[in-house]
Amino acid sequence: MSAENTTRTQVGIVGAGPAGLVLGQLLHLQGVESVILEARDRDYVEGRVRAGVLEQGTVDLLVEMGVGERLQREGLVHHGVELRFGGRGHRIPFDELTDGRGITIYGQQEVVKDLIAARLEAGAPLLFEVEDVMPEGIDSDQPSLRYRHDGQERELRCDVIAGCDGFHGVCRPAVPDGVLTAREHIYPFGWLGILAEVEPSSDELIYCHHDRGFALHSMRSPQLTRLYLQCEPDEDIANWPDERIWEELQIRFECEGWSLKEGPIVEKGVTPMRSFVAEPMQHGRLLLAGDAVHIVPATGAKGLNLAVADVRVMAEALVKWFSTGDETLLQSYSETCLGRVWAAQHFAWWMTTMFHRHPSDEDGFMARLQRAQLDYVCSSRAAATTLAENYVGLKKVSGG
Ligand code: FAD
Ligand code: PHB
């Protein structure tokens, strides 16, 4: 490799999703250099519609990092959520149950836009449309990332690699066989999600249990509604013309004195539901974060928040190591993160199991258990608090 095609940095970050971009910004603020390599182009990354619920801790961190100005202006702060079943709504008041805490609705792609703008403004390197990224030497103290950019083969030498490249990335598979233990649960259903140009039909999110399957009412702004329907995991979106989607949503959300507003659908897609964790979240000079190492079903709204929580721990560990040579936090990175990861896995699994119709539930046994659980959550302060404190985000999690 010629000298002009070889560069050096302290942290080589793979992936410009929330994990990679938050990590890059945290490191930049503490004087640690990094280069972010992203496979897709900027428009694609900024346009990808995904999560929308930010925990208080995520919002606080983004504000502290100096990327919260638009978030604080445009984000919708929610102090509760509605659980709807048997055609009736029941409100869980987060603020009352969690000392005034809540969530903020702000699209993941808006967070990503704000972080990309901050990175480019800081003049820190972020390369889009990078091909064939390959982590090398992770067992040595001189790891590197080989990649192709603008038709040129290049090498980025670094002290450590941060694998923030999502579930289908190249970093997790770069760990030698036998090192990671992966645990997985695949659910026998998926979500069909739409974005519609219509004002939300409720001020808060509605998680709806119905005999025909789960439905969720969410939003992105006072003019944009986000809605989801439980569907087959491999559902063909072509089978769902707009009229059929609205018809099904109207049936599932039906509730006296309430109606679902309809508008032009501007985006639709199907997401499978999966729980996955690979442990440990590090090997040698490779640290993994976010979807690259764990996936949660979207019912708990935890995916984006977990990715941010991981890189917050990682940034602190790296800053300490680079500034003092002390490796203690770096070595315990995985253990520190896994407590929160498994707590979020449990919450997401519990919410998913409580709300979705199980395809094998022929005599309705599961559905009756779900209704009993939902009745309990809505009538017991202790059970409602369990939902509320997990939903707004656990402050401290021990274990791992
Ligand atoms: P990602 O956002 O996946 O970012 C990884 C980045 O790495 C991407 O930009 C990708 O292009 C890049 N990359 C991948 N491979 C390479 C490579 N080889 N080289 C360089 N770059 C690479 N969560 C919710 O809470 N609610 C939701 O409704 C919801 N919907 C979702 C819908 C979909 C289709 C998906 C996939 C996820 C959804 N999630 C949702 C989960 C949430 O969006 C993720 O948890 C979050 O994006 C994790 O951030 P991340 O930075 O770890 O990974
Ligand atoms: C969303 O607004 O996209 C959203 C909200 C809550 C969830 C999942 C997705 O649990």
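Numbering of ligands and ligand atoms starts at 1, following listing order. Note that the structure is predicted; figures quoted are calculated from it, not measured.
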What is the nearest protein non-hydrogen atom to atom 10 (C) of ligand 1, stated with its residue, atom name and distance? Glu38 OE2, 3.5 Å
Just to check, does Val130 reach to within less than 4.0 Å of ligand 1 when the distance is taken from its heavy atoms? no
Using heavy atoms and a 4.0 Å limit, tell me yes or no: is Tyr228 in contact with ligand 1? yes
Heavy atoms only: which of Tyr207, Tyr391, Phe355, Tyr106 lies closest to atom 7 (C) of ligand 2? Tyr207
Thr299 and ligand 2 - part of the residue with a heavy-atom distance under 4.0 Å: backbone
Considering non-hydrogen atoms of the protein only, which is the closest contact for atom 46 (C) of ligand 1, and what is the distance? Gln108 NE2, 3.7 Å
When you measure from atom 18 (N) of ligand 1 to each heavy atom in Asp41, Val111, Val170, which option holds the nearest one? Val170
Any salt bridge between Glu184 and Arg274, counting N to O under 4.0 Å? yes
Mind checking whether Ala298 has an N or O less than 3.5 Å away from an N or O of ligand 2? yes
protein heavy-atom neighbour closest to atom 40 (C) of ligand 1 works out as Ala51 CB, 3.9 Å
Give a yes/no verdict on whether any heavy atom in Arg226 is under 4.0 Å from an atom of ligand 1. no
Looking only at N/O atoms, are Trp191 and ligand 2 under 3.5 Å apart anywhere? no
Hey, does Arg220 come in under 3.5 Å of ligand 2, counting only N/O atoms on both sides? yes
Shortest protein contact, atom 51 (O) of ligand 1 (heavy atom only): Ala19 N, 2.9 Å
Students should be able to answer this: which protein heavy-atom is nearest to atom 15 (N) of ligand 1, and at what distance? Asp165 O, 3.5 Å
May I ask you to check whether Trp258 and Glu82 show a side-chain donor-acceptor distance below 3.5 Å? no
